[in-house]
Amino acid sequence: GNTIDANPYIAFVPASLTVATGTVVTFTFESVTHNVTFTAATGVPADIPASTNTSVQRTFGTAGTFNFHCTIHPSMTGTVTVH
């Protein structure tokens, strides 16, 4: 599926996801609080604020490579590539 898990082991899994334009990606948050902060300038969906025990969906409507990270845990990084 098109799901990225922000897991308790301080990692986004998978760290890289490739989807078609218009795809809805679900970010799943578990027991450890994380956020999703995008670094691209244009076409990027809204950042996801600090979240725990929830799922948040974002639609990727623009082609490109969108890097993101968790500002709480800077080692947590990921990329969504949209074709």
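This structure is a prediction, so every number in the text was calculated from the model and none was measured.
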Checklist entry - If every non-hydrogen atom of T33 is compared with every non-hydrogen atom of H73, which pair is closest and at what distance? => result O-CE1, 3.3 Å
Checklist entry - N7 and H34: which non-hydrogen atoms are nearest, and at how many Å? => result O-NE2, 2.9 Å
Item to check | Value rounded to 0.5 Å, distance of CG in N2 from OG1 in T23 | outcome: 5.5 Å
Checklist entry - Is the backbone N or O of V24 less than 3.5 Å from a side-chain atom of T59, with the two atoms forming a donor-acceptor pair by type? => result no
Item to check | Atom pair CG/OG1 of N67 and T81 - distance to nearest 0.5 Å | outcome: 8.0 Å
Checklist outcome for this item: When every non-hydrogen atom of T79 is compared with those of T65, the smallest separation belongs to CG2-CG2, 3.4 Å
Next on the checklist: Between T26 and T3, does the side chain to side chain donor-acceptor pair (under 3.5 Å) criterion hold? Intermediate values first, please.
Outcome noted: CA-CA 5 Å; T26 301; T3 300; 4.6 Å; no
Item to check | Residues in side chain to side chain donor-acceptor pair (under 3.5 Å) contact with S51, at least two apart in sequence or another chain | outcome: none
Checklist entry - Transitive ILVMFWY cluster of L17 at side-chain heavy atoms under 4.5 Å: who else is in it? => result I4, I10, F12, V19, V25, F27, F29, V32, V36, F38, V44, I48, V56, F60, F66, F68, M76, V80, V82
Next on the checklist: Checking T71 against N35 for the side chain to side chain donor-acceptor pair (under 3.5 Å) test, could you report, in this order, the C-alpha distance in whole Å, the side-chain angles of both residues, the deciding distance, and whether it holds?
Outcome noted: CA-CA 7 Å; T71 61; N35 62 45; 2.8 Å; yes
Next on the checklist: Apply side-chain contact (heavy atoms from CB on, under 4.5 Å) to residues H83 and T21 and explain how you reach the verdict.
Outcome noted: CA-CA 6 Å; H83 293 297; T21 303; 5.5 Å; no
